[in-house]
Number of protein chains: 2
Amino acid sequence: MRSELRKAGGEESLQPVQLQALVYLSRANRYSNTPQALADYLGLTKGTVSQTLLLLDRRGLIERFEDDVDRRVVRLRLSTSGERLLYETQPALPWQNATRNISPNRVRNAVSALREALMTLQQDNEATTFGDCQSCTWCQKLSQRIYRCGQMGDRLSGPETRKICRIYAPKVEEVT
Amino acid sequence: MRSELRKAGGEESLQPVQLQALVYLSRANRYSNTPQALADYLGLTKGTVSQTLLLLDRRGLIERFEDDVDRRVVRLRLSTSGERLLYETQPALPWQNATRNISPNRVRNAVSALREALMTLQQDNEATTFGDCQSCTWCQKLSQRIYRCGQMGDRLSGPETRKICRIYAPKVEEVT
DNA sequence: CGCATTAGTATCGTCTCGATACGAAGTTGT
DNA sequence: ACAACTTCGTATCGAGACGATACTAATGCG
């Protein structure tokens, strides 16, 4: 995994963390596109992440702008060239290819087992968990296309419910 | 995974790579306890690994000694305090605990799927594969307790066949 | 209003890592 | 035997990662 990440970023002379930050930002929802959320996601301090963001900003891969209501908060998003870089790099592609000889069913089972292990690990470490609305306790379906986050009280579009969120609370699956 | 590795090493003020190097050396067989093998394993250059080893040596966690036949080669092994550090740190423990709510059968299936994916990924990258004798093409069983590596021509004890080897050639499993 | 809290930045020192250059030991070809 | 090449490891340098610490600014709470 280390080599893969380094190679993918190396072509654009990006460090592994920088690439991971870009991937995160491409998938973060409106509650999760801040430096602090990225720090929690990567398991780094906010100071460290601040430096990474400075660098990505200087390279024009991200944009930083103020939050409307809380003026301490910085919002982050990929710039056009940041999105293009991700599109051209396709960091996930080697991993997808690696499963080509494995039946979809086995892949599904393995993924679900890994997801459970991750959740247990995160609970043991009292770490922030990230996930999308589909498996989140707070998510309410209002209509065919409109959802609502019961925690924040906002309405969410369909596409937004597939992004990752820092205030994720996994539904407890009833398995005996 | 990043956080976990950093935390485990942090208690002994070891960087993630340094801890990974120690774990590798604790499991490397006689063909694989060299700086170059470690570099291949970690996916780093030999120069980088050389620096890591220098540091581990200064801290007394490893020992370096010359090879008998090829005097360019440096052999590596954990020192007593290196082994003690690994024993006290137990870097794998959090991962084992993370699977405690998953049935052994699901874990086995997920592990085998991951192993296959890793093999495919490594083949795609033409990377060196590492593994133990149990699933290696070269391994011959001579008697109850004595094995032989068909590639190198050496006899191997039972415990040595459970270490990881850089000249590993996975048996092709006949699955249709 | 004063005070604690929170989001983010700035700076410093230690370490990682690749690139490059190097030396020493082994190998190959003639 | 000897020159040319290769392989194993080390040394050094610069960009960057990372945590620790200290700081500013905005918010919230009494």
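Reckoned from all heavy atoms, side chains included, excluding hydrogens, waters and symmetry mates. To find a chain, count down the sequence lines: A is the first, B the second, and so on, and within it residues start at 1.
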K.L.:
Could you tell me how far apart B/L19 (CG) and C/dC15 (P) are, to the nearest whole angstrom?
P.N.:
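Value for this atom pair: 16 Å.
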K.L.:
Report yes or no: do B/S112 and A/R106 form a side-chain donor-acceptor pair below 3.5 Å?
P.N.:
yes
K.L.:
Tell me the interatomic distance from A/Q36, atom CD, to D/dA26, atom P, rounded to whole angstroms.
P.N.:
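Going from A/Q36 (CD) to D/dA26 (P), I get 19 Å.
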K.L.:
Out of C/dG26, D/dA11, D/dT10, which nucleotide sits closest to the side chain of B/D70?
P.N.:
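Selected nucleotide: C/dG26.
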K.L.:
Looking across every strand, which nucleic acid part, if any, lies under 4.0 Å from B/R2 by heavy atom: base, sugar-phosphate, or nothing?
P.N.:
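Sugar-phosphate, backbone atoms only, no base.
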K.L.:
Just call it for B/Q51: base, sugar-phosphate, or nothing, with non-hydrogen atoms closer than 4.0 Å on any strand.
P.N.:
base
K.L.:
Here's a test of your reading of the structure: between B/R71 and B/Q15, which maps to the more 5' nucleotide of DNA chain C?
P.N.:
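Result of the comparison: B/Q15.
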K.L.:
Hey, could you give me the CG/CD distance between A/L38 and A/Q20, rounded to the nearest 0.5 Å?
P.N.:
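Separation between the atoms: 9.5 Å.
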K.L.:
Check this one for me: any side-chain N or O of A/T48 less than 4.0 Å away from OP1 or OP2 of D/dC18?
P.N.:
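A/T48 to D/dC18 OP1/OP2: no side-chain N or O under 4.0 Å.
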K.L.:
OP1, OP2 of D/dC18 versus side-chain N and O of A/T45: anything below 4.0 Å?
P.N.:
no
K.L.:
Measure from the side chain of B/R72, starting at C-beta and using heavy atoms only, and say which of D/dT27, D/dT7, D/dT10 lies closest.
P.N.:
D/dT7
K.L.:
Out of C/dC15, C/dG8, C/dA24, which nucleotide sits closest to the side chain of A/P35?
P.N.:
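Selected nucleotide (nearest to the side chain): C/dG8.
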K.L.:
Which of these nucleotides, D/dG16, C/dA7, C/dC17, is closest to any side-chain atom of A/L55?
P.N.:
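Output: D/dG16.
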K.L.:
What nucleic acid atoms does B/R64 come within less than 4.0 Å of, heavy atoms only: base, sugar-phosphate, or nothing?
P.N.:
sugar-phosphate
K.L.:
Closer to the 5' end of DNA chain D via nearest nucleotide, is it A/L44 or B/V74?
P.N.:
B/V74
K.L.:
Output the rounded distance in Å from NZ (A/K46) to P (C/dT6).
P.N.:
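Taking NZ of A/K46 and P of C/dT6, I get 10 Å after rounding.
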K.L.:
Is there a path of hydrophobic side-chain contacts, each under 4.5 Å between heavy atoms of I, L, V, M, F, W or Y residues, that connects A/V74 with A/L61?
P.N.:
yes
K.L.:
So what does B/T34 hit on the nucleic acid, given a heavy-atom distance under 4.0 Å: a base, only sugar-phosphate, or nothing?
P.N.:
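It contacts sugar-phosphate atoms only.
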K.L.:
Output the rounded distance in Å from CG (B/L42) to C1' (C/dG18).
P.N.:
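Spelled out: CG on B/L42 to C1' on C/dG18 is 15 Å.
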K.L.:
Drop me the distance from A/E63's CD to A/S81's OG, to the nearest 0.5 angstrom.
P.N.:
8.5 Å
K.L.:
In whole Å, I'd like the distance from the CG atom of A/L5 to the C1' atom of C/dC17.
P.N.:
14 Å
K.L.:
How many whole angstroms separate atom CG of A/D40 from atom C1' of C/dG8?
P.N.:
13 Å
K.L.:
Check whether any side-chain N or O of A/S50 sits under 4.0 Å from OP1 or OP2 of C/dG8, and answer yes or no.
P.N.:
no
K.L.:
Output yes when A/R75 and A/D67 qualify as a salt bridge under the 4.0 Å nitrogen-oxygen rule, no when they do not.
P.N.:
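Yes.
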K.L.:
Just how far, in rounded Å, is C1' of C/dC17 from CG of B/L53?
P.N.:
14 Å
K.L.:
When the ring planes of B/Y24 and B/Y41 are compared, do they come out parallel, tilted or perpendicular, using 30° and 60° as the limits?
P.N.:
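Judged by the thresholds at 30° and 60°, the geometry between B/Y24 and B/Y41 is tilted.
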K.L.:
Which whole-number value in Å describes the distance from A/Q18 CD to C/dT16 C1'?
P.N.:
13 Å
